[in-house]
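We count residues from 1, following the sequence as given. This one's a predicted model, so the numbers in the text were calculated from it and none came from an experiment.
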Amino acid sequence: HEYGHAKYEVAHQLHPDEIASEMEAIRYSLEALTSEGFTDLAYREAENVKQMANAEPYKTAVARLATDPLWKKYARLSASQ
């Protein structure tokens with residue numbers, strides 16, 4: 001997760017955005033866990049993020065990820081959510 005933040009910050013040094021950084025960190029953690037074969041942990045990571053989504057920057061980051069296929073899969077969101 002923190003590595004995702006670091007990648008975002010390096011790529012966006014001039015115009016960093018806290019919410020975009022959080023989105024990148026969430027996606028990175030899900031991608032990394034999936035690529036390493038830890039799908040159960042990816043589901044747990046998504047559940048943890050959903051529990052933190054009542055506060056910023058997680059709330060807006062999760063809202064912006066609503067249509068992201070990777071997020072939808074691991075957050076166990078149906079097509080209608």
Side-chain angles (χ1 to χ4, degrees):
H1 184 93
E2 295 308 315
Y3 186 71
H5 281 297
K7 284 179 54 176
Y8 174 85
E9 290 170 14
V10 166
H12 298 89
Q13 292 178 20
L14 297 178
H15 302 289
D17 178 272
E18 181 180 27
I19 292 167
S21 178
E22 197 57 54
M23 290 173 62
E24 180 71 22
I26 292 167
R27 285 203 90 260
Y28 177 80
S29 63
L30 296 176
E31 288 173 346
L33 290 167
T34 301
S35 71
E36 294 290 326
F38 298 117
T39 55
D40 288 345
L41 287 177
Y43 285 110
R44 284 190 6 208
E45 173 74 1
E47 286 302 314
N48 289 335
V49 169
K50 287 189 328 187
Q51 290 176 13
M52 295 185 304
N54 60 350
E56 293 297 349
Y58 302 101
K59 183 177 183 176
T60 301
V62 166
R64 289 183 185 174
L65 286 169
T67 60
D68 183 277
L70 189 64
W71 171 250
K72 287 173 68 171
K73 176 181 179 178
Y74 290 108
R76 298 177 186 194
L77 302 177
S78 68
S80 64
Q81 288 181 307

Flag side-chain contact, heavy atom, 4.5 Å: L33 against E45: yes
By salt bridge (charged side-chain N to carboxylate O under 4.0 Å, His left out) - contacts of K59 (at least two apart): none
pair W71-R27: side-chain heavy atoms closer than 4.5 Å: no
For a quick test of your reading: what N or O donor-acceptor pairs under 3.5 Å do the side chains of residues 47-55 make, sequence neighbours left out?
{"residue": "E47", "atom": "OE2", "partner": "K50", "partner atom": "NZ", "Å": "2.9"}
{"residue": "N48", "atom": "ND2", "partner": "R44", "partner atom": "O", "Å": "3.4"}
{"residue": "K50", "atom": "NZ", "partner": "A75", "partner atom": "O", "Å": "2.8"}

Interatomic distance, E18 atom CD to T60 atom OG1 [nearest 0.5 angstrom]: 9.5 Å
Cluster companions of Y8 among Ile, Leu, Val, Met, Phe, Trp, Tyr (side-chain spacing under 4.5 Å): none
I26 to A61 - nearest heavy-atom pair and separation: CD1-CB, 4.3 Å
Exam field: side chain T34 to backbone L30, donor-acceptor pair closer than 3.5 Å: yes
Residues H1 and E24: side-chain donor-acceptor under 3.5 angstrom: no
Test item: S35 side-chain N/O and A32 main-chain N/O as donor-acceptor pair under 3.5 Å: yes
Sub-4.5 Å side-chain heavy-atom contact between E9 and P16: no
Single-linkage hydrophobic cluster, 4.5 Å side-chain cutoff, L77 and Y74 together: yes
Steps toward side-chain contact (heavy atoms from CB on, under 4.5 Å) verdict (E31, L70): CA-CA 8 Å; E31 288 173 346; L70 189 64; 3.3 Å; yes
E22 side chain reached by H5 side chain, heavy atoms, under 4.5 Å: yes
